[in-house]
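Okay, structure first, notes after.
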Number of protein chains: 2
Amino acid sequence: MPGARGGAARSIGLSAVIVAATGHEPRVLTIRAGQDFVEALPSGPLEAEHRTLEIGLRNWVERQTSERLGYVEQLYTFGDRDRVAPEIADGAPALVVAYLALVREAAPAGAAGATWQSWYRYFPWEDWRGGRPAQLPLIEERLSRWAAASPGEALRRLREERIGLAFGLGGASWNEELVLERYELLYEAGLVAEAARDLGGTTPGPEDAATGVAMAVDHRRILATAIGRLRGKIKYRPVVFELMPPAFTLLQLQRTVEALSGVRLHKQNFRRLVEQQGLVEETGAMSAATGGRPARLVRFRREVLLERPAPGLRLRAGRRGGAIS
Amino acid sequence: MPGARGGAARSIGLSAVIVAATGHEPRVLTIRAGQDFVEALPSGPLEAEHRTLEIGLRNWVERQTSERLGYVEQLYTFGDRDRVAPEIADGAPALVVAYLALVREAAPAGAAGATWQSWYRYFPWEDWRGGRPAQLPLIEERLSRWAAASPGEALRRLREERIGLAFGLGGASWNEELVLERYELLYEAGLVAEAARDLGGTTPGPEDAATGVAMAVDHRRILATAIGRLRGKIKYRPVVFELMPPAFTLLQLQRTVEALSGVRLHKQNFRRLVEQQGLVEETGAMSAATGGRPARLVRFRREVLLERPAPGLRLRAGRRGGAIS
DNA sequence: CTCATAAATGCTCAGTTTGAGTATAAGGGA
DNA sequence: TCCCTTATACTCAAACTGAGCATTTATGAG
């Protein structure tokens, strides 16, 4: 990094993972960036006139995607060198502060070719709602081979342990929060396109169906961080409601939670939990029938924030993967 | 901010909250900074030769305090303008990435006048181990007066709600994780010395026993963030063990958890929890008696990481505040 | 109009987990 | 030896969980 000395000033970027949930899918707002139109997260520089980081973020997200952010939370700050090879990152900011934002409706996405994509487009192995994802056996096999090819016995064991933990093999069970850990393993093992690209190779890398669609620079890593954080947070904080319309049915709520967490839940127990915790209250209205008996429309009950220390939806998965009533 | 324009480069700082636990007290490593020798967190600039933020941090912490960090986790990134009034912050970095580090032993703290302080020195109202802290009534009364003096009915109600939530009044109960929320209320209400100072006043502000000792710039805010984060984390991740010696008794472990969380726990249930979760294993040795019958010495059982999704010590407080066997 | 289908809701029930104690055991010191 | 202190074992009722079964109320096909 030419010219940069101790305590050097560096350019600072902001990136946003903007999440919505529509049609039972978790969506993330993406744009097409660069000459190769690779998918990317809305990003921009921190500008001097912004009083705070968060205000800066809100500002240009509104300009860039005409999306008005509600709930915003800082995710993580990514330093430069641990991001990508320097020769790739020229022009990229030295430091990126990433934010997670939740918005209520997936408006058609305004300017700059911004579109809403299911986040499972980038992480197909994270969606267990229809049972164990089909691409997992292949992924696991490739990871095993990578571990087996480790230089040194100790490293091999370390890798195998990490793989076992992250993918729920041998003993451990699938933990839906370990999104970043899984992505990082795939990256290190060279199984995602970004790995080949960052190494300077021009080969597009193994962008087959099994390992999902690549994103610009380290945006997929940022997205993985966001998904993991959100999956954890819904368990002890009522953040799902940021994604729901003002009134909704319990099944809609359940489907949203399932979309985010990637697992199926037991319906009756889910309702019991939601009601026991006092997370919702009646609106009096009924839904315009979604196929069967009309459902009560409920709304989020704000007062719960005052009552419970950790009002969330600790989601207890239903029968492993299968269809649940 | 003169000369700063869109996407401007800015200097980046790193701050570290370095935590240890000794003698049943939670300690934080502080230095004396500036001409007025105000207490501060170890901090330094991000330097160009550091490959990652975390490496940069480890590096100068070792140089500055001769403390070798084990567990390190990124805490939060604080933007400039939401920190302090610009006229105060000259020379201070524009952006500070704060880290939380846990170290095993409180070595006597090396250079630069670094010393270990109980963190309740800065947050006396956070220590409920001996029952409800004596300074709380006064704090609550002052906060109430601040809320009552709000310009506008809506704002008044908002403030009262925030106070109620943060301090566990009316309905809500004390939530030990809301350290930052409580500090921010005190700051906004002008009850901590930093508030008066940041407003440009030269008055030292109300630095009485009730509202704790002030720190440099926004370091007390950073510390509050760290304490809250750590209090939350011990519940679902076995991070306490980063603070324990290789072998310890169950009571030592309990006292450490109590020190961090600031509440007393029910002894028998605590042991049951720790053992059921498989968090520890026998060393075979016995303790050199801490006053009564000798206790088994145990050690952290690493394998638990592979077995449980969230191995932590969800601390269920004992009888409100009082002494517990 | 009647029946099959799809949800929404109600309720049960056994197995765990929690919160709070009671009862003993085992050192050290007066 | 008696007392004080801490370690450990056990108990027990209440609350919480995980899995299902059973009903109710719409909609759409015959």
Side-chain angles (χ1 to χ4, degrees), chain A residues 24 173 235-236 247-258 263-298 307-325, chain B residues 24 173 235-236 247-256 258 263-298 308-325:
Chain A
H24 299 177
S173 61
K235 293 180 187 163
Y236 59 93
F248 48 87
T249 70
L250 291 177
L251 187 58
Q252 279 170 11
L253 181 64
Q254 183 183 341
R255 292 287 178 247
T256 304
V257 173
E258 290 174 340
V263 297
R264 257 14 186 75
L265 304 175
H266 183 283
K267 184 164 166 173
Q268 295 92 326
N269 291 349
F270 179 82
R271 321 172 109 255
R272 177 173 65 188
L273 178 75
V274 171
E275 309 215 302
Q276 266 183 3
Q277 299 242 345
L279 286 166
V280 299
E281 63 191 0
E282 303 285 332
T283 61
M286 299 292 272
S287 87
T290 48
R293 169 175 169 178
R296 298 150 28 211
L297 282 168
V298 297
E307 299 163 2
R308 305 203 145 241
L313 294 161
R314 15 195 193 335
L315 38 100
R316 21 196 130 284
R319 225 187 285 108
R320 301 294 108 202
I324 299 173
S325 61
Chain B
H24 298 177
S173 61
K235 292 180 188 163
Y236 60 94
F248 48 86
T249 69
L250 291 178
L251 187 58
Q252 279 171 10
L253 181 64
Q254 182 183 341
R255 291 286 178 248
T256 304
E258 289 174 341
V263 297
R264 255 19 185 72
L265 304 175
H266 183 284
K267 184 163 167 175
Q268 295 91 327
N269 291 349
F270 179 83
R271 322 173 108 254
R272 177 174 66 187
L273 178 75
V274 171
E275 309 215 303
Q276 265 183 4
Q277 299 242 345
L279 286 166
V280 300
E281 62 190 2
E282 303 287 333
T283 61
M286 298 293 274
S287 87
T290 47
R293 168 175 169 179
R296 300 151 24 210
L297 282 168
V298 296
R308 304 203 147 241
L313 294 161
R314 12 194 194 337
L315 37 101
R316 21 196 131 283
R319 227 186 285 107
R320 304 295 106 203
I324 300 173
S325 63

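Side chains are part of it too, since the values below use all heavy atoms of this structure and drop only hydrogens, waters and symmetry mates. Since the model is a prediction, treat every value here as computed from it, not as a measurement. Letters A, B, ... are given to chains in the order of the sequence lines, protein chains preceding strands, and every chain is numbered from 1.
For the pair A:V298/A:V274, no side-chain contact is recorded, criterion being any heavy-atom separation below 4.5 Å from C-beta on. Side-chain contact check for A:L251 versus A:F270: every heavy-atom pair is 4.5 Å or farther apart. Side chains of A:R271 and A:Q276 form no contact here, defined as non-hydrogen atoms less than 4.5 Å apart. Counting only heavy atoms from C-beta outward, the side chains of A:R272 and A:K267 never approach each other to under 4.5 Å. Between B:L279 and B:L253 the shortest side-chain heavy-atom distance does not fall below 4.5 Å.
Atom-to-atom, CD of B:Q252 to C1' of D:dA7 comes out at 13 Å; the value is rounded to the nearest Å. The NE2-C1' distance, from B:H24 to D:dT6, rounds to 12 Å in whole Å. A straight line from CZ of A:F270 to P of C:dA8 spans 12 Å, rounded to a whole angstrom. Counting to the nearest Å, the C1' atom of C:dT22 and the NE2 atom of B:H266 are 10 Å from each other. In this structure, the CG atom of A:L273 is 12 Å from the C1' atom of D:dG18, given to the nearest Å. For the pair A:E282 CD and C:dT9 C1', the interatomic distance rounds to 12 Å; values are reported in whole Å. Distance B:M286 CE to C:dA25 P: 15 Å, rounded to the nearest Å. Going from atom CD of A:Q276 over to atom C1' of D:dT17 covers 10 Å, rounded to whole Å.
Scanning for side-chain contact (heavy atoms from CB on, under 4.5 Å) contacts around A:R293 gives an empty result, with sequence neighbours left out. With sequence neighbours left out, B:R296 forms a side-chain hydrogen bond (donor to acceptor under 3.5 Å, both in side chains) with B:E275, B:E282. Residues passing the side-chain hydrogen bond (donor to acceptor under 3.5 Å, both in side chains) test with B:Q252, sequence neighbours excluded: none.
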Give every pair of a protein N or O atom and an N or O atom of nucleotides 10-16 of chain C that lie under 3.5 Å apart, one pair per line with the distance.
none

- Query: Could you run down nucleotides 23-30 of chain D 5' to 3' and tag each one B, S or - for protein heavy-atom contact under 4.0 Å?
  - Reply: -BBS----
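Residue B:L250 is classed as having no contact, given no heavy-atom separation below 4.0 Å to the nucleic acid.
Of the possible donor and acceptor atoms, one in the side chain of B:T283 sits under 3.5 Å from a partner among the backbone N and O of B:L297.
Residue A:K267 places none of its side-chain N or O atoms closer than 4.0 Å to OP1 or OP2 of C:dA7.
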